[in-house]
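Take a look at the structure below.
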Amino acid sequence: MSEAFRAPPGTHDVLFPDSARWEAVIATFASLAHRAGYGLVVNPIFEDERVFVRGIGAGSDVASKEMYRFEDRGARRLALRPEGTASVVRAFVQHRPPAPWKAWYVTPAFRYERPQAGRYRQHHQIGVEAIGSGDPDLDTEVIALAWQFYVDVGLGGVNLRIGSMGDATCRPAFERALRSWLDANMSKLCNEHGVKAMANPLRVLDCKSEECRSATESAPSISEALCPGCAEHFKRVREGLDALEVPYVCDPRLVRGFDYYTRTTFELSSPYLDAAQNGVGGGGRYDGLVEALGGPPSPAVGFGIGIERLLLACEAEGSPARAARLVDVFVVDVVGGESARRWTHELRLAGIGADRAFDGRSLKAQMRLADRSGAEIAVIVGPEEKAAGKAAIRRLRGGGGDATIQELVDTATLVERVSVLLGDISVR
RNA sequence: GUGGCCGUAGCUCAGUUGGUUAGAGCGCCAGGUUGUGGCCCUGGAGGUCGGGGGUUCAAGUCCCCUCGGUCACCCCA
């Protein structure tokens, strides 16, 4: 045997039946987004690296040291997408669909970091972007959509925090005020932020250390520095959420990692996960990003949710996983396989999930596989059935005890009979 | 990038102060039941003990190096 390869660090394979939860999560999200008028958008997984750098900010950790960058044979500087929004915005700029353009996506995202629980070099995000409207009701719609999604997948326990980061009118002044306050209070901050504070002053507010927490109690608050326009916008968003009875708390310290955010930001976290990695989704408004990527000035808002984190939270919160089953019928054929080939095909054409054994296995072995497949029904064809043009239909579960129900049917009515039986079972 | 912990069968793990052919449970395959799954019983396949070097009469066990995994810091989904 030659060397057995493994998936690269920070990446992972998801096999059935674990992947069944993925299918369910994506289907739930697709349905919700679709009902709200969001259409699927599929983007390239890599872009001109500047698409990401301009959006998330050259100074951010993600852009400065966590991107997977490479040069292709045409000497283009490319990068694997570290998040979803920038690519969707680039697509808007390129194609100019009628605004507001509402799109949803599911995509891998790549960041070169040291992997640990709940953090991967390739993780997956689902999300929506709504581009071309600054209406606060759109913020409300997007946040309510995110909230409803968690409810639908069985996570009633997530916490929603919202805040406003201001805009070009009021944020620069706030940053100046904060910066000078930090200058004066440098000694009270935790070790790391003593140094880092000047590079990105807003991040200090988001620090989890006790020193920074208590020190910044008296720091200037963005909520008091908002210009009238931003304050009004934020108020309207809160009113909208109140009206829809979406539970949230205002957090003036909420600071998101990417530079493109303006006005509304929000984050969802699970109290069942460790604090360091408890963020299960987040988003906000990014009114300047479209223009930064070469489009017309277009306000926009969106959010992204990490699928792996979401599933961790589901597990931690104990939301029940439904038993994963692929097929309803298993065809057992001990006379050569011709019947297995035919009946699996016919059943599938009739819309019934069907599987079979290969490699000419014994009856016992095939029955074992039938049981393990999770199928409700085994269709059995042996020499006697074959000669008589019939097939045995055996109930594999639910029947109760040893009194297993089995019947012999003419092959002409096989598919119909199986269909009726499955109908009865699902009704029960 | 920095640090802690851990590498024995597909999985979860035993393996006594170094001492014969390295074990268990689960899973897988087959048989018990020459036409019937689950439960039970029996048997089987599957391991260069992560890799390399060293100490020793003898290394899964001790030492060094290396690779890999995992958790945490940082940051984020």
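Here the structure is a predicted model, which is why all the values come from computation and not from measurement. Reminder, nothing fancy here: chain letters follow the sequence lines and each chain counts from 1. What's counted below: heavy atoms across the whole structure, side chains too, no hydrogens, waters or symmetry copies.
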Out of B/G38, B/A77, B/C29, minimum distance to the side chain of A/Phe258 belongs to B/A77
Mind calculating the distance between CG (A/Asp359) and C1' (B/A30) to the nearest angstrom? 15 Å
Can a donor-acceptor pair under 3.5 Å be found between the side-chain atoms of A/Asp371 and the base atoms of B/G38? no
Side-chain-base donor-acceptor pair under 3.5 Å for A/Glu113 and B/A77: yes
Answer for the Watson-Crick or wobble partner of B/G25, both distances under 3.5 Å, is B/C11
Considering every strand shown, what is the Watson-Crick or G-U wobble mate of B/U56 when both distances are under 3.5 Å? none
Write down the distance between NZ (A/Lys364) and C1' (B/G38), rounded to a whole number of angstrom. 11 Å
Side chain of A/Gln125 (C-beta onward), nearest among B/U2, B/A30, B/A77: B/A77
Tell me if the side-chain of A/Gln366 makes a donor-acceptor pair with the base of B/G37, cut-off 3.5 Å, by modelled atom types. no
For A/Gly281, answer base if it contacts any base atom (sugar-phosphate contacts may also be present), sugar-phosphate if it contacts only those atoms, and nothing otherwise; contact means non-hydrogen atoms under 4.0 Å. sugar-phosphate
Nearest to side-chain heavy atoms of A/Pro9, which nucleotide of B/G31, B/G69, B/C29: B/G69
Counting only Watson-Crick pairs (N1-N3 plus N6-O4 or O6-N4) and G-U wobbles (N1-O2, O6-N3), all under 3.5 Å, who is the partner of B/A72? B/U2
Which nucleotide wins on minimum distance to the side chain of A/Glu384, given the candidates B/U36, B/G35, B/C75? B/G35
Where the side chain of A/Glu66 is concerned, which of B/C75, B/A72, B/U36 is the nearest nucleotide? B/C75
Do A/Arg6 side-chain and B/G68 base share a donor-acceptor contact under 3.5 Å? no
From CZ of A/Arg114 across to C1' of B/G1 the rounded distance in Å is 8 Å
Considering only B/G1, B/G35, B/G37, which nucleotide approaches the side chain of A/Ile380 most closely? B/G35
Expressed as a whole number of angstroms, how long is the span from A/Asp259:CG to B/C75:C1'? 14 Å
From C-beta outward on A/Arg368, which listed nucleotide comes closest to its side chain: B/A77, B/G37, B/C73? B/G37
Is a donor-acceptor pair below 3.5 Å formed from side chain A/Gln406 to base B/U36, judging by atom type as modelled? yes
